[in-house]
Amino acid sequence: MYEGLLKQYKEYLPITDKTPQIALAEGNTPLIPLKNLSKELGITLYGKYEGLNPTGSFKDRGMVMAVAKAVEDGAKAIICASTGNTSAAAAAYATRAGIKAYVVIPDGKIAMGKLAQAIAYGADIISIPGNFDEALKAVRDIAETEAVALVNSVNPYRLEGQKTAAFEICEQLEKAPDVLAIPVGNAGNISAYWKGFKEWHEKKGTELPRMHGFEAEGAAAIVTGKVIEQPETVATAIRIGNPASWQLAEAARDESQGYIDSVTDEEILNAYRKVAAQEGVFVEPGSAASLAGVIQHVKNGRIKAGETVVTVFTGNGLKDPDTAINETDIKINKMSDLEDMRRHLREGVAAL
Ligand code: F0G
């Protein structure tokens with residue numbers, strides 16, 4: 001039976017005899033062939049659906065490792081700043097480990113599903129008036145003086161856990177893809193994937209992909225080369241103006257001969273609707289940034305015809321019901337009785 005990442009990739013992770021075996025069967029997520037989009041774009045495209053992790057995002061991979069190490073080091077509480085997904089994962093794994101989670105979120109800029117999770121898992125939820133970058137600064141300061149372990153991706157154990165997604169992709173494809181497309185927020189995940197691909201390359205002889213990272217245009221610090229004081233984007237998950245792993249992300253880009261580019265909110269929403277409507281895969285807006293980027297890079301030639309591309313769908317669409325409802329033309333057919341319904345169906349089916 002598959003139990004989780006700490007067991008599955010034990011020899012690739014910083015695990016000792018004293019590391020508690022915390023698990024929610026995280027990882028082992030599907031690599032879904034996106035057949036309609038592949039045809040449309042003239043490439044072989046797969047989606048690594050991280051939205052099927054136990055708390056609905058890739059954050060579970062890093063959090064299981066970070067929480068296990070925190071417990072090993074004797075921590076009774078963890079803390080993180082978050083645009084939502086990190087807080088959900090921190091809250092769940094803290095509960096699993098029997099310790100307390102403090103989560104600090106930017107006021108009003110967190111998707112409802114993510115807040116619901118932190119509440120359900122029983123975290124101590126702290127809201128601040130500033131944005132994610134300010135929240136991260138606050139928790140970094142707090143963790144210096146208080147008896148809490150910091151579990152943001154500045155904690156190196158987070159990246160160790162997250163690199164396992166690259167291992168899985170190489171195992172699922174039985175090779176490395178030509179291109180790995182990924183959303184960039186705080187820039188931890190692109191750094192973790194690159195580390196994972198390099199380790200698999202060294203140990204298993206797989207090739208190295210080009211890393212194509214995508215920031216939202218209103219939060220594109222790495223692309224513009226300057227800190228964005230007031231980041232704005234519909235993709236609240238990546239509404240980050242001063243990425244903590246900035247340098248690691250640039251190294252991933254440069255070493256892999258890849259790119260970090262930006263996508264507009266319009267491109268994000270277009271990709272967001274497209275992958276649900278054409279492939280049956282519902283992802284959150286932040287996750288759609290990578291597909292938006294793939295579409296952009298096929299157009300401008302940065303991805304070439306016939307290449308094998310994996311786009312990382314970092315979080316589940318159910319996380320953010322408000323965007324799903326507000327950014328889509330909703331057509332709900334109200335019926336008063338069974339006759340009405342029958343007529344509606346007959347018309348519809350006849351037109352097929
Ligand atoms: N996609 C989703 C759904 C995310 O939640 C995040 C980050 C990213 C992409 C970007 O990953 O930060 O490693 O570059 N969310 C963090 C959070 C910031 O607090 O949940 P990154």
Side-chain angles (χ1 to χ4, degrees), residues 47-53 55-63 66 79-92 101 103-106 109-111 113-115 117-118 123 125 131-136 139 150-155 158-159 161-163 165 180-196 211 213-216 219-222 231 233-250 252-253 260 263 268 271-272 282-293 311-320 323:
K48 179 69 172 159
Y49 195 19
E50 290 291 279
L52 288 189
N53 273 298
T55 78
S57 88
F58 73 96
K59 303 288 181 179
D60 295 337
R61 292 182 185 273
M63 202 54 77
I79 192 165
C80 65
S82 182
T83 57
N85 282 326
T86 300
S87 62
V103 305
V104 183
I105 54 174
K109 292 287 183 182
I110 167 171
K114 303 176 187 181
L115 184 59
Q117 288 182 290
I125 303 169
N131 57 32
F132 170 85
D133 303 289
E134 288 153 320
L136 181 59
V139 296
L150 182 62
V151 294
N152 277 106
S153 55
V154 293
N155 175 331
R158 281 278 310 281
L159 301 197
Q162 284 173 211
K163 76 184 179 190
L180 190 282
I182 187 165
V184 174
N186 211 23
N189 211 24
I190 188 172
S191 312
Y193 268 81
W194 182 235
K195 187 170 196 296
M211 304 294 288
F214 298 96
E215 295 185 301
I222 300 174
T233 168
V234 66
T236 52
I238 53 172
R239 184 175 167 267
I240 294 171
N242 188 12
S245 298
W246 190 320
Q247 265 131 33
L248 285 177
E250 286 187 336
R253 176 196 65 193
I260 297 179
V263 285
I268 290 172
Y272 169 75
F282 187 29
V283 306
E284 66 168 285
S287 305
S290 57
L291 176 60
T311 182
V312 184
F313 293 136
T314 47
N316 197 300
L318 295 170
K319 293 265 190 182
D320 189 356
T323 301

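Positions are given from 1, in the same order as the sequence printed here. Each ligand, and each atom within it, is numbered from 1 in the order the structure gives. Just so you know, these numbers come straight off a predicted model, no measurement behind them.
Minimum heavy-atom separation, P183 to V312: CD-O, 3.7 Å.
If you number the atoms of ligand 1 from 1 as listed, the ones under 4.0 Å from a heavy atom of T83 come out as 15 (N), 16 (C), 17 (C), 18 (C), 19 (O), 20 (O). Those atoms of ligand 1 with a heavy atom of T86 less than 4.0 angstrom away are 16 (C), 17 (C), 19 (O), 20 (O). Atoms of ligand 1 found under 4.0 Å from any heavy atom of V184 (numbered from 1 in listed order, with element): 14 (O). Residue S82 has at least one heavy-atom neighbour below 4.0 Å for each of these atoms of ligand 1: 17 (C), 19 (O), 20 (O). Under a 4.0 Å criterion applied to the non-hydrogen atoms of I238, ligand 1 contributes the atoms 8 (C), 9 (C), 10 (C). Under a 4.0 Å criterion applied to the non-hydrogen atoms of G188, ligand 1 contributes the atoms 13 (O), 14 (O), 21 (P).
Within the 4.0 Å heavy-atom cutoff, I182 does not count among the residues contacting ligand 1.
Ring-plane geometry between F313 and Y49 is classed as perpendicular, the angle between the planes exceeding 60 degrees on a 0 to 90 degree scale with a lower cut at 30.
Looking at N186 next to ligand 1, an N or O pair under 3.5 Å apart turns up. The shortest N/O to N/O separation between G185 and ligand 1 falls below 3.5 Å. Looking at Q162 next to ligand 1, no N or O pair under 3.5 Å apart turns up. Of the polar atoms of S87, none of the N or O atoms is found under 3.5 Å from an N or O of ligand 1, judged by distance alone. The shortest N or O to N or O distance between I240 and ligand 1 is not under 3.5 Å.
In this structure, N189 CG and L180 CG are separated by 9.0 Å, a value rounded to the nearest 0.5 Å. The structure places CG of N131 at 10.0 Å from CG of L136, a figure rounded to the nearest 0.5 Å.
Side chains of C80 and V139 form no contact here, defined as non-hydrogen atoms less than 4.5 Å apart. Using a 4.5 Å heavy-atom cutoff, the side chains of R253 and M211 are not in contact. Side-chain contact check for T236 versus I110: every heavy-atom pair is 4.5 Å or farther apart. Contact annotation: the side chain of R158 approaches that of T86 to within less than 4.5 Å [non-hydrogen atoms, C-beta and beyond].
Looking only at protein heavy atoms, the nearest one to atom 5 (O) of ligand 1 is N85 ND2, 2.8 Å. Distance from atom 1 (N) of ligand 1 to its nearest protein heavy atom, with residue and atom name: T314 OG1, 2.6 Å. Looking only at protein heavy atoms, the nearest one to atom 11 (O) of ligand 1 is F58 CZ, 3.5 Å. The protein non-hydrogen atom at the shortest distance from atom 13 (O) of ligand 1 is N189 N, 2.8 Å. Closest protein heavy atom to atom 4 (C) of ligand 1: A237 CB, 3.5 Å. Of the protein's non-hydrogen atoms, K59 NZ, 3.0 Å is the one closest to atom 7 (C) of ligand 1.
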Quick one, K59 with E50, criterion side-chain contact (heavy atoms from CB on, under 4.5 Å). Give me CA distance, side-chain angles, the key distance, then yes/no. CA-CA 9 Å; K59 303 288 181 179; E50 290 291 279; over 6 Å; no
Can E284 and N85 be said to form a side-chain contact (heavy atoms from CB on, under 4.5 Å), step by step? CA-CA 11 Å; E284 66 168 285; N85 282 326; 2.8 Å; yes
Steps toward side-chain contact (heavy atoms from CB on, under 4.5 Å) verdict (T323, Y272): CA-CA 10 Å; T323 301; Y272 169 75; 4.1 Å; yes
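Under 4.0 angstrom from ligand 1, the non-hydrogen atoms of A187 all belong to its backbone. Under 4.0 Å from ligand 1, not a single heavy atom of I190 appears. Only the side chain of E284 comes within 4.0 Å of ligand 1, counting heavy atoms alone; its backbone N, CA, C and O stay farther away.
Residues meeting the salt bridge (Lys or Arg N to Asp or Glu O under 4.0 Å) test with K319, sequence neighbours left out: none.
Distance alone, capped at 3.5 Å, is enough to place a donor-acceptor pair between the S82 side chain and the S87 backbone.
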